[in-house]
Amino acid sequence: MSLPPFFSHSNNPHVLCITGGLTGIGRAIAVLFLSHGASVAINYFPGHNANDDNLISSMRSEGLNAIKARSSNSTIASESEVPLLCIPGDISQPETATQLVEKCIEKFGRLDTFVSNAGICKFEEFLEISPESWSQHRDTNLSGAFYAVQAAARQMSKHGGGSIIGVSSISALVGGALQCHYTPTKAGVLSLMQSCATALGKYRIRCNALLPGTIRTQLNDEDLKDGSEKKAYMEGRIPLGRLGKPDDMAGPALWLAVPELSSYVTGATILVDGGAFVNFQ
């Protein structure tokens with residue numbers, strides 16, 4: 001039995017803004033929020049995916065189906081009515097975050113929850129990582145998160161607060177032999193959320209980090225393909241016995257967004273990993 005909507009599309013709806021929202025974890029979070037009556041603005045990197053227009057169209061359809069499945073009384077009747085704003089931009093550039101928040105406010109009038117999710121990860125041997133690859137991972141994953149969180153906080157600080165969620169990674173806590181350019185950026189996101197929690201509490205802005213474990217997305221689909229030794233090994237290390245799905249990240253994000261459920265939660269580090277981190281035996 002599914003939960004009833006936490007918000008309402010027709011009555012002062014909750015507004016979510018998320019970076020990297022067109023695929024993977026970001027998309028799952030956006031669709032769940034839509035189903036719960038939120039209005040959603042997403043950022044995506046243009047041309048990163050094979051067909052952005054098709055992904056946007058299918059996301060509207062997915063959103064509409066999710067809305068109808070959760071509430072038969074929804075006033076949203078067609079894909080064109082789904083309160084979804086899709087904004088292209090390179091989040092590694094400071095102006096992208098500013099424009100994203102501005103366009104979100106222009107369209108929906110407010111900002112309640114911001115999720116910094118955009119990230120890249122290309123598996124490479126440490127001795128072969130080029131300065132360009134290091135810079136690309138740092139600029140997208142960490143600098144992009146900083147710019148995005150700062151833009152969101154500037155808006156929220158003037159309007160009574162809100163919830164900011166940084167999508168870090170279990171890799172912030174453990175090493176990764178082929179991720180020496182990735183793990184430091186995710187540790188940085190975790191640290192950013194902890195520091196922002198102390199800096200922004202006076203504005204009633206809560207800042208928390210979600211640390212996904214092995215979630216199968218477009219970033220690692222080839223590395224964890226069905227039948228591979230890597231997939232079997234990882235499933236054997238996870239107490240729940242399976243890889244994570246993007247949907248597994250959406251519920252915790254929603255929980256952190258709803259003041260009734262998490263109003264006293266800030267500076268938290270929340271692992272969403274099926275128990276992998278604690279399983280050293």
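Each residue takes its place number in the sequence, starting with 1. The structure presented is a predicted model; accordingly, all values stated were derived computationally and were not measured.
At a threshold of 4.5 Å between side-chain heavy atoms, the hydrophobic network of Ile, Leu, Val, Met, Phe, Trp and Tyr places Y44 and V82 in one connected group. A continuous path of ILVMFWY side-chain contacts below 4.5 Å connects I42 to F33, so both sit in one hydrophobic cluster. Both L64 and L55 sit in one connected hydrophobic cluster of ILVMFWY residues. Membership requires side-chain heavy atoms under 4.5 Å apart, directly or through other members. Note on L192 and I25: separate hydrophobic clusters, where clusters join Ile, Leu, Val, Met, Phe, Trp and Tyr whose side-chain heavy atoms are under 4.5 Å apart, directly or indirectly. Linking ILVMFWY side-chain heavy atoms closer than 4.5 Å, directly or via other members, places V189 and W134 in two distinct hydrophobic clusters.
The heavy-atom pair separating N43 from P88 by the smallest distance is ND2-C, 4.4 Å. Across all non-hydrogen atoms, the minimal contact from V31 to G63 is CG1-CA, 4.5 Å. Across all non-hydrogen atoms, the minimal contact from I170 to G213 is CG2-CA, 3.7 Å. The shortest non-hydrogen separation linking Q155 to V101 is CB-CG1, 3.8 Å. Contact record, A118 with I91: CB-CG2, 3.9 Å, taken as the closest heavy-atom pair. Smallest separation of non-hydrogen atoms from K158 and R154: CE-O, 3.3 Å.
For the atom pair SG (C180) and CG (L127), the distance works out to 9.0 Å, reported to the nearest 0.5 Å. Taking CG of L243 as the reference point, atom CD1 of I238 lies at 5.0 Å (rounded to 0.5 Å). To the nearest 0.5 Å, the span separating CD on Q179 from CZ on F123 amounts to 5.0 Å. Remark: S157 OG to R204 CZ distance equals 13.5 Å, nearest 0.5 Å. Distance CG/L210 to OG/S116: 11.0 Å, rounded to 0.5 Å. From Q150, atom CD reaches atom CD1 of I164 across 10.5 Å, with rounding to the nearest 0.5 Å.
The backbone N or O of S133 sits less than 3.5 Å from a side-chain atom of S130, completing a donor-acceptor pair. No donor-acceptor distance shorter than 3.5 angstrom exists from the side chain of S8 to the backbone of P13, with no hydrogens or angles considered. Remark: the backbone N or O of G144 is not paired with any side-chain donor or acceptor of D139 at under 3.5 angstrom. Using modelled atom types, no side-chain atom of S35 and backbone atom of R70 make a donor-acceptor pair closer than 3.5 Å. Panel note: side chain K186, backbone V167; a donor-acceptor pair is recorded below 3.5 Å. Under the 3.5 Å distance criterion, the side-chain polar atoms of T96 are left unmatched by any main-chain donor or acceptor of G89. Under a 3.5 Å cut-off, the side chain of S57 and the backbone N or O of D53 do not form any donor-acceptor pair. Using a distance-only test at 3.5 Å, with no hydrogens or angles considered, no donor-acceptor pair links the side chain of S262 to the main chain of P259. Although no hydrogens or angles enter the test, the distance criterion places a donor-acceptor pair under 3.5 Å between the side chain of N279 and the main chain of R237. Checking side-chain atoms of T183 against main-chain N and O of G176 turns up no donor-acceptor pair under 3.5 Å.
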* **D247/L32 under side-chain contact (heavy atoms from CB on, under 4.5 Å): CA gap, chis, key distance, verdict** => CA-CA 8 Å; D247 287 347; L32 182 66; over 6 Å; no
* Might you work through the side-chain contact (heavy atoms from CB on, under 4.5 Å) test for E125 and I129, ending with a clear yes or no? => CA-CA 6 Å; E125 291 285 350; I129 296 172; over 6 Å; no
* To do: Determine, stepwise, if the pair L16 / V115 fulfils side-chain contact (heavy atoms from CB on, under 4.5 Å).
  => CA-CA 8 Å; L16 164 73; V115 180; 3.7 Å; yes
* To do: Please test M59 against V40 for side-chain contact (heavy atoms from CB on, under 4.5 Å), starting from the C-alpha separation and ending with a verdict.
  => CA-CA 12 Å; M59 189 171 181; V40 175; 5.6 Å; no
* Quick one: do E81 and S78 satisfy side chain to side chain donor-acceptor pair (under 3.5 Å)? Show the steps, please. => CA-CA 5 Å; E81 296 177 88; S78 67; 3.0 Å; yes
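F114 has its side chain out of reach of I165: every pair of non-hydrogen atoms, C-beta onward, lies at least 4.5 Å apart. Side-chain contact check for L100 versus C17: some heavy-atom pair is nearer than 4.5 Å. A 4.5 Å side-chain heavy-atom check between T113 and I18 finds every atom pair outside the cut-off. With a 4.5 Å cut-off on side-chain heavy atoms, M193 and N208 do not count as touching. When side chains are defined from C-beta on, V265 counts as touching W255, because their heavy atoms get closer than 4.5 Å. Residues L22 and D52 form a side-chain contact, since some pair of their non-hydrogen atoms from C-beta on lies under 4.5 Å apart. Side chains of D226 and R216 form a contact here, defined as non-hydrogen atoms less than 4.5 Å apart. No side-chain heavy atom of L211 sits under 4.5 Å from any side-chain heavy atom of D273.
Between the side chains of R138 and S143, no donor-acceptor pair is found at a separation under 3.5 Å. Looking at S92 and D90, their side chains do bring a donor and an acceptor atom within 3.5 Å of each other. Side-chain N/O atoms of T266 and R206 include no donor and acceptor closer than 3.5 Å. A donor-acceptor pair shorter than 3.5 Å cannot be found between the side chains of S191 and Q194. In the model, R27 has a side-chain atom that pairs as donor or acceptor with a side-chain atom of S58 under 3.5 Å.
Aromatic ring pairs are classed by plane angle as parallel below 30°, tilted from 30° to 60° and perpendicular above 60°; the pair F7 and H14 is parallel.
Remark: aromatic rings of Y182 and H137 are distant, center separation not under 6.0 Å.
The environment of R110 atom CZ is dense: over 12 non-hydrogen atoms of other residues, nucleotides or ligands sit within 6.0 angstrom.
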